[in-house]
Amino acid sequence: MRFLAFVLVLLATTARAQDGVQEQELFVRWLKNSPEVASWRTQVGSARFDVLSAKLWPNPELQLYGNFVASGVPPDGRQNVGAQLNAPLPVFGQRSSAIRAAQEMVSIAELNVIAQLWDRATEIGGAMVERAYAEATVEMLHTNEQELQRIQSVIELRAKAGANSQYDVLRTKTAAGTMTAALRNARIELGRAESNLLALIADASLQSAAVGRAGLAAFRGPDDQATLTEIALGRRPDLLLAQRGVRAFDAQAESYRKGAIPVPSVQVGAYQTYQQRGFQLMAGVEMPFPITNRNQGLIGRARSDRRGQELLRDALATRVRNEVAGAYAARRDARAALEVFRVQSLSAATELLKRAEVSYQAGSFSIAELFDAYETMWDARAQELVLERQHSDAEAALERAAALLPLGD
């Protein structure tokens, strides 16, 4: 009967967990409502204004002037006025190269935002696992406490009847106090875990984030290391950022090279003289001579930065492969350890408890032996929870390594 009660408690616990919030719901809410996410996305809009600026043509310059002869013989008239318009014409690729460089910086800004989302999603996913297993620990300890209370009541009744020693009563009381303290600590940890999760989501309208084990999402990727590695190499924000960095510095160096080409300025103007009447039209072209400054320093720096990004890209590609391989192996081993424990140790502990209860009811077991059987079961439950947590942590690490976390559009 006690074993049946234990099964019913576990079923009730599972039902309560299923009523909690789902992991995917929290991710959607975070992406939609978090002011922090909105602030990161403004970086992309800011970078797009640089593209707009690069598309604009340089402003023309209008010059108005006049001269009046105070004494002597004027070269033309005593009163003269003129106007001149200068218009720079970047017609040798300066404008198109500047637009391309600005567009590459937009792609960098987009990936910077994705990288920030990826890092925060990793933290939120870890906080969900922390909260889910903090709740599972509370539920497990609550179940253990109820079972201990039943044992304690039986021992106290038998002690009053003279069937048990006072030692057994003190032993169960001590265990009950220890378990009550553990349960209180577990509830404190649960509150701390949920507060941390709410702080990371940063949604002012979200007052609770009751995600339990049943609310954690299933593994989001395929169960194949080679496929996961390929996905990671195509999605990892840090690797993509380095790859785009190479293109961005290429575009920047090209923009500096084009910027060293002289930009001609077309000049048109008119000149009016008075007294000795005359009107002149003027036109010309002004062009600087790039003799000393040909953007050598800027071009050299862009090339050096490009080389740095190439080296970083190669290093990150190796790191991604190793991270996926390590996380995949950890998940595989954690899953195997959990399955072996459930088949061997947990099933044996369950059978041990059943036999102890039957033997106690038949009078062939003492209450101390029954108590030992329950302690064995409690230890087995705690170990199963540790192995489950280890498996969930390993899955979260693999999802991060393969960039499988939900980051929105």
Side-chain angles (χ1 to χ4, degrees), residues 13-50 105-142 183-221 235-238 240-241 388-389 392-393 395-409:
T13 298
T14 303
R16 285 198 301 272
Q18 290 175 343
D19 291 337
V21 67
Q22 299 295 307
E23 178 179 345
Q24 188 62 30
E25 294 175 23
L26 288 180
F27 271 121
V28 170
R29 190 155 187 167
W30 165 62
L31 290 168
K32 182 179 178 181
N33 298 337
S34 173
E36 185 179 38
V37 173
S39 72
W40 290 338
R41 286 174 172 163
T42 60
Q43 298 173 22
V44 179
S46 300
R48 287 185 177 136
F49 283 108
D50 292 334
M105 293 309 296
V106 171
S107 71
I108 293 292
E110 290 172 344
L111 269 175
N112 269 325
V113 172
I114 293 175
Q116 289 173 306
L117 291 172
W118 178 57
D119 285 337
R120 180 67 80 239
T122 300
E123 292 183 70
I124 291 175
M128 288 185 193
V129 172
E130 184 75 29
R131 198 266 173 214
Y133 281 91
E135 180 183 84
T137 301
V138 170
E139 293 170 348
M140 178 194 70
L141 291 173
H142 181 66
L183 182 56
R184 288 174 179 172
N185 286 335
R187 284 171 176 158
I188 292 171
E189 289 301 318
L190 174 58
R192 183 181 292 118
E194 184 159 347
S195 296
N196 181 49
L197 178 57
L198 290 171
L200 289 172
I201 295 174
D203 179 3
S205 64
L206 184 63
Q207 303 300 318
S208 175
V211 57
R213 281 182 298 173
L216 295 177
F219 184 67
R220 297 177 176 88
R235 286 188 185 179
R236 276 283 289 261
D238 51 352
L240 294 179
L241 197 56
E388 282 187 9
R389 169 68 185 272
S392 294
D393 285 338
E395 285 199 335
L398 183 54
E399 286 183 336
R400 182 191 188 280
L404 300 174
L405 297 170
L407 303 179
D409 298 331

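Taken from OG1 in T122 to CG in L405, the straight-line distance is 5.0 Å, to the nearest 0.5 Å. The CZ atom of R131 sits 10.0 Å away from the OG atom of S195 when rounded to the nearest 0.5 Å. In this structure, I201 CD1 and L206 CG are separated by 5.5 Å, a value rounded to the nearest 0.5 Å. Rounded to the nearest 0.5 Å, atoms CH2 (W30) and CG (L407) are 6.5 Å apart. Taking CG of D119 as the start and CZ of R400 as the end, the distance is 5.5 Å to the nearest 0.5 Å. If you take CG on N196 and CD1 on I124, they are separated by 10.0 Å, rounding to the nearest 0.5 Å.
Under the 4.5 Å side-chain criterion, counting only non-hydrogen atoms from C-beta, D238 is in contact with W118. Under the 4.5 Å side-chain criterion, counting only non-hydrogen atoms from C-beta, L26 is in contact with L197. Residues L404 and F219 meet the side-chain proximity criterion, which asks for heavy atoms closer than 4.5 Å. Under the 4.5 Å side-chain criterion, counting only non-hydrogen atoms from C-beta, L141 is not in contact with R184. The shortest side-chain heavy-atom distance between L117 and V37 falls under the 4.5 Å cut-off.
Heavy atoms from other residues, nucleotides or ligands lying under 6.0 Å from CZ of R220 number more than 12.
Taking both residues in full, the closest heavy atoms of R41 and L31 are given as NH1-O, 3.4 Å, listed atom of the first, atom of the second, then distance. Contact detail for V211 and V21: the closest heavy-atom pair is N-CG1, 3.4 Å. What you find for V113 and V44 is that their closest heavy atoms are CG2-CG2, 3.8 Å. Taking each heavy atom of P237 and A403 in turn, the nearest pair found is CD-CB, 4.4 Å.
The list of salt bridge (Lys or Arg N to Asp or Glu O under 4.0 Å) pairs with a residue in residues 195-205, not counting sequence neighbours, reads R29-D203.
Using a distance-only test at 3.5 Å, with no hydrogens or angles considered, no donor-acceptor pair links the side chain of E130 to the main chain of A193. Using modelled atom types, no side-chain atom of R213 and backbone atom of Y133 make a donor-acceptor pair closer than 3.5 Å. Without hydrogens or angle criteria, Q43 side chain to A109 main chain gives no donor-acceptor distance under 3.5 Å.
Shown here are the salt bridge (Lys or Arg N to Asp or Glu O under 4.0 Å) partners of R187, two or more places apart in sequence or in another chain: there are none. Shown here are the salt bridge (Lys or Arg N to Asp or Glu O under 4.0 Å) partners of R120, two or more places apart in sequence or in another chain: E36, E123.
Salt-bridge formation is detected for the pair E110/R48: a Lys NZ or Arg NE/NH1/NH2 atom is positioned less than 4.0 Å from an Asp or Glu carboxylate oxygen.
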